[in-house]
Amino acid sequence: MKPGIPKGTRDFSPVEVARRTYIFDTIKTVFRKFGYQPIETPTMENLSTLTGKYGEEGDQLIFKILNSGDYLAKADEQKLSARNSKLVTFQISEKALRYDLTVPFARYVVMHQNDIAMPFKRYQVQPVWRADRPQKGRYREFYQCDVDVVGSESLLNEAEFICIYDEALSNLGLKDFTIKINNRKILSGIADIIGKPELIVDMTVAIDKLDKIGYDGVTKELAEKGFTATDIEKLRPFIELSGTNTDKLDVMKQALAASEIGKKGIEEIETIFEYLSSFELNNAKVELDITLARGLNYYTGAIFEVKSNEVQMGSIGGGGRYDDLTGMFGLKGVTGAGISFGADRIYDVMLELNLFPDSATVSTQVLITNFDKLAEKYALPVVAKLRKEGISSELYPASAKLQKQMKYADAKNIPFVVLIGDEEMKSGKLTLKNMHSGDQEQLDIDEIIAKLK
RNA sequence: GUGGUUUUAGCUCAGUUGGUUAGAGCGCCUGAUUGUGGUUCAGGAGGUCGUGGGUUCGAGCCCCAUAUUCCACCCCA
């Protein structure tokens, strides 16, 4: 049969794994620095844990797992004959691959509520699966790197998320990226004012197109979606929103004066900015963007999204606050907030910008050549000693032609080669070749170790 | 889920209105060089043209189906 892998999945070769590890390590280091601790959850969850958490579209993107055994035997006859897959899903599948890390985390918190100390700050780096159609920066299997805190209402958490984004992405070498921030309460406030909460998504989508289709285009689209002339007049300050973050806040304060929830949203954003003023950011630009809605329907406060300004790519991170997530699993009154890094997209961005250091790909530091059986025997304690000293080394496993062995070292990017032949064995001075410069020198084993350490 | 696109040597890709034996570059192997890679030279191996049907005297090329790649929409990391 012809080998292949499922659509939207990928193999990772040594160089790619090294680079991905570099990304994960960089991000995890920052997570730990901010006081977060790692957890892991199973690859599969009960299907009932996941359904209904991501909206109707999200439910369709969940990879379901067929029950073991004869999964059709117990299925309802009538539902089966109806040939409607939605009817039989729960009869033939009770497990699914995790769709994100936030819902499993909420489940974890509820199940372990007696063991964890609040506020609980956790990070989690694991793959997730979505039955989406693949395209640029979109995979069916990809890694998320999440930090979430539960049991803390403080907006300091939100401010620190911005710091985490800034530090991690800056450490990875990204020079120009924007952290967009919005607040669900502001969106609710706008809906309050025009009295059409059900159209809030159409509204944000339309306003988002301002720079593409202009003010008239936006109003035209709004009218098509069912907004009256009075509505549009009330929306005017939001559509024309521009300038600095403080400019925007000033305008909105007036426009949302009549909405309690809207005012609360603005207040929250201001508090976050206030916290932020005590921290110094490296490369991140923070931008208030009221068109940021995000599909996940459980956000209740701040909403974040991160985009690179150097590369055309979907968002490389996102998150927000959700007051009622664990409520779905029966634990009321526990607030949570978190953000996620899309490691695979960050990888694609870094690749395009050539940001991976070469050092991330060096593995073996020295290759010992293998001339013949006698030299091999002589080399065994040498390679053992090098390894004992912590130097990655390998002995070529056959007495092949030297040319072949040198080519191997070259292909594997091994920086040093030790040659051991008759003369070296006689004198105890081994030949150390620097593959980069081509220089060679005769050294005893201790001198080589000192040189490579 | 909707619309489009890609698929030919290990890799990146040519391949004329359908016409004999399908090409190039890079890589790989062998030798020049029995103890020296990355440069050079000579030679060599490697293809069911994504898969399955169809049209035709004849298909890499045309038609249908299907898989796959990438892209846009929707949504999202």
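This is a predicted model, so every value here is computed, not measured. So that the names make sense, note that chain A is the first sequence line, chain B the second, and so on, each numbered from 1.
Taking the six-membered ring for Trp and thresholds of 30 and 60 degrees, A:Y165 and A:F304 have ring planes more than 60 degrees apart, a perpendicular arrangement.
A distance of 6.0 Å or more separates the ring centres of A:F31 and A:F24. Between A:F34 and A:F161, the gap from one ring centroid to the other reaches at least 6.0 Å.
Spacing between B:G44 and B:A24 at atom P, rounded to whole Å, works out to 12 Å. For the C1' atom pair drawn from B:C64 and B:U55, the interatomic distance equals 11 Å after rounding to whole Å. With both ends at atom P, the span from B:A77 to B:U2 equals 23 Å, rounded to whole Å. Spacing between B:G3 and B:C61 at atom P, rounded to whole Å, works out to 25 Å. Between B:U6 and B:U69, the distance separating the two P atoms is 15 Å to the nearest Å.
Listed nucleotides B:G37, B:A77, B:C73 differ in distance to A:R130; the shortest reach to its side chain belongs to B:A77. When distances are taken from the side chain of A:M435 to each of B:G37, B:C75, B:G35, the shortest belongs to B:G37. The side chain of A:M406 sits closest to B:G37 out of B:C71, B:G35, B:G37. Set against B:C71, B:A77, B:G37, the side chain of A:K407 has B:G37 as its closest nucleotide. Out of B:A72, B:A77, B:U36, the shortest distance to the side chain of A:Y139 is found at B:A77.
Between B:U33 and A:K401, no contact under 4.0 Å exists linking OP1 or OP2 to a side-chain N or O. Not one side-chain nitrogen or oxygen of A:Q403 sits closer than 4.0 Å to the OP1 or OP2 atom of B:G35. Between A:K7 and the phosphate of B:U68, there is a side-chain N or O to OP1/OP2 separation shorter than 4.0 Å.
Within 4.0 Å of A:E424, counting heavy atoms only, lies at least one base atom of the nucleic acid. Counting non-hydrogen atoms under 4.0 angstrom, A:G421 reaches a base of the nucleic acid. Note on A:Q440: a base of the nucleic acid sits closer than 4.0 angstrom, heavy atoms only. Within the 4.0 angstrom heavy-atom criterion, base atoms lie near A:L419.
Here the C1' atom of nucleotide B:C76 and the CG atom of A:L292 are 12 Å apart, to the nearest Å.
A donor atom on one side chain and an acceptor atom on the other are found under 3.5 Å apart for A:E268 and A:N183.
The partner of B:G31 is B:C41, judged by Watson-Crick or G-U wobble contacts that both fall below 3.5 Å. With a 3.5 Å ceiling on both atom-pair distances, the Watson-Crick or G-U wobble partner of B:A65 is B:U51.
Note on A:E16 versus A:R10: no salt bridge recorded, every NZ/NE/NH1/NH2 to OD/OE distance being 4.0 Å or above.
Taking for each of A:G8 and A:S340 the nucleotide of RNA chain B with the nearest heavy atom, the 5'-most of the two is the partner of A:G8.
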